[in-house]
Amino acid sequence: MAKIDNLDKKILKIITQNARIPFKDVAEDCGVSRAAIHQRVQRMIDLDIIVGSGYHINPKVLGYNTCTYIGVKLEKGSMYKDVVPEFEKIPEVVECHFTTGPYTMLIKLYARDNEHLMELLNGRIQEIPGVTATETLISLRQSLNRIVPIVADQSITTSINDEEE
């Protein structure tokens with residue numbers, strides 16, 4: 001188990017707002033050395049607290065104008081382990097979740113337009129063995145996109161074995 005202290009949380013707040021910020025600036029904001037920031041960030045990477053970094057690309061610039069969420073029903077919930085590799089073969093699928101509720105799985109995909117979406121639904125997704133039904137929800141506009149709140153006074157303990165929700 002690894003504890004995340006207030007300095008870790010302050011570092012996380014800063015770097016999630018600007019992943020390109022130099023460690024020297026983070027160190028200055030936190031009142032510690034650049035080496036301390038580097039060690040803390042590396043530790044959080046090693047513990048899977050920080051699970052990625054990079055640039056976010058606007059899908060519309062690449063011609064993907066339709067963002068869609070698709071609820072997928074399977075014959076049996078246990079078939080998800082066979083269906084996930086099939087979704088991995090579809091590059092337009094960017095997220096896949098095993099869920100509770102009316103759907104066995106929920107996927108997010110980007111399509112160029114409604115015709116492309118129909119091809120993906122009818123020609124790829126609904127042809128996957130075990131898929132019995134789908135329900136499509138088209139996002140008209142993304143109104144909010146943020147990370148979970150990082151609260152300074154909240155005590156957090158994490159384990160490498162914790163699974164993403």
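Side chains included, hydrogens not; waters and symmetry mates left out as well; all remaining heavy atoms used. In this chain, residues are counted from 1 in sequence order.
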Indicate if [X] and [Y] have the same hydrophobic cluster label, given that clusters are the connected sets of ILVMFWY residues with side-chain heavy-atom separations under 4.5 angstrom.
| X | Y | result |
| --- | --- | --- |
| M44 | V148 | no |
| V61 | I57 | no |
| I45 | I147 | yes |
| L140 | L106 | no |

Measure the [atom1]-[atom2] distance between [X] and [Y] for me, rounded to the nearest 0.5 Å.
| X | Y | atom1 | atom2 | result |
| --- | --- | --- | --- | --- |
| T66 | E115 | OG1 | CD | 11.5 Å |
| H38 | F23 | NE2 | CZ | 6.5 Å |
| T16 | R146 | OG1 | CZ | 12.5 Å |
| I50 | I15 | CD1 | CD1 | 4.0 Å |
| L12 | I49 | CG | CD1 | 7.5 Å |
| Y55 | R20 | OH | CZ | 4.0 Å |

- Task: Work out which heavy atom in P91 is nearest to a heavy atom in K89; give both atom names and the distance.
- Result: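 For P91 versus K89, the nearest heavy atoms are CD-O, 3.3 Å.
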
- Task: Could you pull out the closest heavy-atom pair between C30 and L7, with the gap in Å?
- Result: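 Answer, listing the atom of C30 first, then L7: CB-CD1, 3.7 Å.
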
- Query: Any luck finding a side-chain donor-acceptor pair between Y103 and E135 under 3.5 Å?
  - Reply: yes

- Message: Looking at H116, is its backbone amide N or carbonyl O close enough to the side chain of D113 to form a donor-acceptor pair, meaning the two atoms are under 3.5 Å apart?
- Response: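 Present.
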
- Item | Heavy-atom donor-acceptor pair, S139 side chain to C67 backbone, under 3.5 Å | no

- Task: Could you check R43, R40, K10 and say which one makes a salt bridge (Lys or Arg N to Asp or Glu O under 4.0 Å) with D5?
- Result: R40

- Task: Verify the neighbour count for atom NZ of K108: are there more than 12 heavy atoms of other residues, nucleotides or ligands below 6.0 Å?
- Result: yes

- Query: Is Q126 atom CD crowded by more than 12 heavy atoms from other residues, nucleotides or ligands, each under 6.0 Å away?
  - Reply: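 Counting other residues, nucleotides and ligands, CD of Q126 exceeds 12 neighbours.
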
- Cluster partners of M79, using ILVMFWY side-chain heavy atoms under 4.5 angstrom, listed by chain and number? I70, V72, L74, Y80, V83, V84, F87, I90, V93, F98, M105, I107, L109, L117, L120, L121, I125, I128, V131, I138

- Message: Just so I know, are the side chains of T68 and Y110 near enough to count as touching, which here means a heavy-atom distance under 4.5 Å?
- Response: no

- Task: Give the C-alpha distance, both sets of side-chain angles, the deciding distance and a yes or no for salt bridge (Lys or Arg N to Asp or Glu O under 4.0 Å) between K24 and D29.
- Result: CA-CA 9 Å; K24 70 176 183 60; D29 287 353; over 6 Å; no

- Task: Determine, for D8 against K3, whether the closest basic-nitrogen to carboxylate-oxygen distance falls under 4.0 angstrom.
- Result: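 Salt bridge between D8 and K3, a charged N being under 4.0 Å from a carboxylate O: no.
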
